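Shown next, in structure tokens, is the structure this report addresses.
Bear in mind that the values here come from a model prediction, so they are computed numbers and not experimental data. Start at 1 and go down the list; that is how both ligands and their atoms are numbered. Quick note: numbers below take in every heavy atom, side chains included, and nothing from hydrogens, waters or symmetry partners.
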Amino acid sequence: MKVLVIGGDGYCGWATALHLSSRGYDVGILDNLIRRHWDAQLGVETLTPISPIHQRIERWNNLSGKAVDLYVGDITDYAFLSKTLREFEPEAIVHFGEQRSAPFSMIDREHAVMTQVNNVVGTLNILYAMKEDFPDCHLVKLGTMGEYGTPNIDIEEGYITIEHNGRKDTLPYPKQPGSFYHLSKVHDSHNIHFACKIWGLRATDLNQGVVYGVLTEETGIDELLINRLDYDGVFGTALNRFCIQAAIGHPLTVYGKGGQTRGFLDIRDTVRCIELAITNPADAGQFRVFNQFTELFSVYDLALKVKNAAIAMGLDVEINHLENPRVELEQHYFNAKNTKLLDLGLQPHYLSDSLLDSLLNFAIKYKGRVDEKHILPKVSWRRS
Ligand code: NAD
Ligand code: USQ
């Protein structure tokens, strides 16, 4: 099967492209490399020394004997996107190619606009290009658990059945996202749902939780295939950041009380979930939603797990409760369903001591590359 991985130079996309390639899929990567540019603009680098895209693809080709096509360009450029699809002729499109940081989207007006234009226009272009030339192609789109926010009732997978004034209907689950980035995902979901309804396209929206870890079977086999691992206050995410902070002896940065609870998953499960979605495509006209996470943790619980694992390795670690730069509930009910991918055969890698040890050791190996001034959060959600 021919699969185009949009955003294939990024954290989830690179791991997924190699996983699919090793499993025999005919993979193309489309990426405009803007993420490397944003890192440069912010003056940050991933913990890991990632090699240039041409070099990492060539290395994969040499080691695995498998070719991966590369298309460097921007999906907000419709002519480029449409030409690429006609050339590659995908049967499935996996769409990771968005601005994915909540803090980045909250820097100022310019970053909010840029995030929403990049994400919403990019996805809308994909929908039009599919409608024009590839109406049978299956779109596997990365959404986020943060589309739902933190409602005081159980979170279903995409839809909820409601009885109101004696009548009953199954409707899209209410959305209460917590940043202009998370809002862009809600806008995408609405656009995709509508396109499935009016044009009969088939799509799966994967509402993914926070991803952690760095090694997958494929990215771990050679240093030139190494994946990015962000630790900075803009692109770094909770568990990955805590492990890197522990490795350099920086107090773990829990925002506020730390009762914020989210869905989490190992990057080895991300790549598997994508494969499961591709091999079990949505029907024509169907807009399918899966919640893609394996476990729920509060931020404080994660910090405690990292602290304990680090102490057992002889590291000296403290937990700091920083003033929360975000506007979010710090103690709340959170119970989200996640059975659809399990039903398709996902066998989760649950967070274990051995994974924490391996991530901590990985962070120690590259700790010389950490620039401490980028650890504390600098972007505030508030007015002043
Ligand atoms: P990333 O920033 O590492 O990768 C995104 C890639 O998309 C980058 O290589 C970037 O250059 C590319 N890109 C962005 N805009 C583009 C455009 N207009 N045209 C072409 N390429 C473009 O992000 P990631 O962590 O790999 O996340 C991938 C997707 O998964 C995102 O949509 C994100 O919202 C979603 N997601 C990520 C996480 C996580 O914890 N990392 C969790 C849930 C959902
Ligand atoms: N947090 C801390 N300390 C930190 C970093 C984060 O307490 O050092 C807290 C945040 O306040 C928040 C929670 O941890 O309550 C998660 O924050 P995060 O930065 O780990 O993740 P988030 O901003 O939600 O975004 C990440 C990805 C995004 C994806 C999302 C999935 O960057 O692309 O969509 O996770 S989810 O959170 O389920 O929406």
(message) Quick check: do Y11 and N240 have side-chain heavy atoms less than 4.5 Å from each other?
(response) yes
(message) Counting only heavy atoms closer than 4.0 Å, does ligand 2 sit against the backbone of Y181, its side chain, both, or neither?
(response) side chain
(message) Give me the nearest non-hydrogen protein atom to atom 13 (C) of ligand 2 as residue plus atom name, then the distance to 0.1 Å.
(response) V299 CG2, 3.9 Å
(message) Using a 3.5 Å cut-off on N or O atoms only, is T76 in polar contact with ligand 1?
(response) no
(message) Among all the protein's non-hydrogen atoms, which is closest to atom 40 (O) of ligand 1, and how far away is it?
(response) V211 N, 2.9 Å
(request) Would you mind reporting whether V289 and F287 have side-chain heavy atoms less than 4.5 Å apart? (result) yes
(request) Can you figure out which of F293, F96, Y11 has its heavy atom closest to atom 5 (C) of ligand 1? (result) F96
(request) Mark up the atoms of ligand 2 that fall under 4.0 Å of a heavy atom belonging to Q260, in ascending order. (result) 11 (O), 15 (O)
(message) Closer than 4.0 Å to some heavy atom of A102 - which atoms of ligand 2 meet that?
(response) 23 (O)
(request) Note the single closest protein heavy atom to atom 25 (O) of ligand 1, along with its residue, its atom name and the distance in Å. (result) R100 NE, 2.8 Å
(request) Run the numbers for me: atoms of ligand 2, each under 4.0 Å from some heavy atom of G209, listed by number. (result) 31 (C), 38 (O)
(request) Using ring pair (Phe, Tyr, Trp, His ring centres under 6.0 Å) as the criterion, list what pairs up with H321, not counting sequence neighbours. (result) Y300
(message) For atom 6 (C) of ligand 2, tell me which residue out of Y11, Y212, Y255, F104 has the closest non-hydrogen atom.
(response) Y255
(request) Specify the protein heavy atom at minimum distance from atom 35 (O) of ligand 2: its residue, its atom name, and the distance to 0.1 Å. (result) V210 CG2, 3.5 Å
(request) Inspect the surroundings of OH in Y159 and state if more than 12 heavy atoms from other residues, nucleotides or ligands are less than 6.0 Å away. (result) yes
(message) Does only the side chain of D230 get under 4.0 Å from ligand 1, or the backbone, or both, or neither? Count heavy atoms.
(response) neither
(request) For atom 26 (C) of ligand 2, find the nearest protein heavy atom and state the residue, atom name and distance (0.1 Å precision). (result) T237 CG2, 3.7 Å
(request) Report yes if I6 has an N/O atom closer than 3.5 Å to an N/O atom of ligand 1; otherwise report no. (result) no
(message) Under 3.5 Å, is there a donor on one side chain and an acceptor on the other for T170 and T161?
(response) yes
(message) Just so I know, are the side chains of I93 and I126 near enough to count as touching, which here means a heavy-atom distance under 4.5 Å?
(response) yes
(request) Quick one: look at R228 and ligand 1, take heavy-atom pairs under 4.0 Å, and tell me if it's side chain, backbone, both or neither. (result) side chain
(message) For ligand 2 and S101, I'd like to know whether there is a polar contact (N/O to N/O, distance under 3.5 Å).
(response) no
(request) Can you pull out the closest protein heavy atom to atom 39 (O) of ligand 2? Residue, atom name and distance to 0.1 Å, please. (result) T144 OG1, 2.6 Å
(request) For ligand 1, indicate whether the residue K185 contacts it via side chain, backbone, both or neither (heavy-atom separation under 4.0 Å). (result) side chain
(request) Measure the distance from atom 34 (O) of ligand 1 to every protein heavy atom, then report the residue, atom name and distance (to 0.1 Å) of the closest one. (result) Y181 OH, 2.6 Å
(request) For G209, counting its heavy atoms only, list the atoms of ligand 1 lying under 4.0 Å from any of them. (result) 42 (C), 43 (C)
(request) Would you indicate whether the side-chain heavy atoms of I155 and K337 approach each other to under 4.5 Å? (result) no
(message) Give the atom numbers and elements of ligand 2 that come within less than 4.0 Å of a heavy atom of Q208.
(response) 31 (C), 38 (O)
(message) A side-chain contact here means heavy atoms from C-beta on lying under 4.5 Å apart; do D232 and D230 qualify?
(response) yes
(message) So if I count the atoms of ligand 2 from 1 in the order they appear, which ones are less than 4.0 Å from some heavy atom of G146?
(response) 36 (S), 38 (O), 39 (O)
(request) Quick one: look at E147 and ligand 2, take heavy-atom pairs under 4.0 Å, and tell me if it's side chain, backbone, both or neither. (result) neither
(request) State the atoms of ligand 2, each with its element, that fall below the 4.0 Å cut-off from a heavy-atom position in V254. (result) 7 (O)
(message) One residue to check: A238. Relative to ligand 2, which of side chain, backbone, both or neither has a non-hydrogen atom less than 4.0 Å away?
(response) both
(message) Using a 4.0 Å cutoff against the non-hydrogen atoms of T253, which atoms of ligand 2 qualify?
(response) 2 (C), 3 (N), 4 (C), 7 (O), 8 (O)
(request) State whether the side chain of N119 and the backbone N or O of Q99 hold a donor-acceptor pair below 3.5 Å, judged by distance alone. (result) yes
(request) Give the numbers and elements of all ligand 1 atoms closer than 4.0 Å to a heavy atom of G143. (result) 44 (C)
(request) Please confirm whether R35 comes within less than 3.5 Å of ligand 1 when only nitrogen or oxygen atoms on both sides are compared. (result) yes
(message) Under a 4.0 angstrom heavy-atom cut-off, which atoms of ligand 1 come close to G7?
(response) 6 (C), 7 (O), 12 (C)
(request) Name the closest protein heavy atom to atom 38 (O) of ligand 2, giving the residue it belongs to and the distance to 0.1 Å. (result) M145 CB, 3.2 Å
(request) Compare R326, R100, E98, K185 and give the one whose heavy atom is closest to atom 22 (P) of ligand 2. (result) R326
(message) So for ligand 2, is Q245 a polar contact partner (N or O within less than 3.5 Å, distance only)?
(response) no
(request) Check T48 against N227 and note the closest heavy-atom contact, atom names and distance. (result) OG1-O, 2.7 Å
(request) Assess the pair Y128 and Y78: is the distance between their ring centroids shorter than 6.0 Å? (result) no
(request) Of the side chain and backbone of D74, name the one, both, or neither that has a heavy atom under 4.0 Å from an atom of ligand 1. (result) both
(message) I need the nearest protein heavy-atom contact for atom 11 (O) of ligand 2: residue, atom name and distance, please.
(response) E328 OE2, 2.6 Å
(request) With salt bridge (Lys or Arg N to Asp or Glu O under 4.0 Å) as the test, would you mind laying out the steps for K141 and D188 before giving the verdict? (result) CA-CA 9 Å; K141 162 69 168 52; D188 282 344; 3.0 Å; yes
(request) Quick one: name the residues clustered hydrophobically with L376, using the 4.5 Å side-chain heavy-atom rule over I, L, V, M, F, W, Y, and just say none if it's on its own. (result) Y255, L322
(message) Need the ligand 2 atom indices (1-based, order shown) with element for anything under 4.0 Å from a heavy-atom of H182.
(response) 24 (O), 39 (O)
(message) Quick one about T253 and Q245 (side-chain donor to acceptor, distance below 3.5 Å, no hydrogens or angles considered), yes or no?
(response) yes
(request) Answer yes or no on whether R228 is positioned over the face of W14, meaning its NZ or CZ is under 6.0 Å from the six-membered ring centre and within 45° of the axis. (result) no
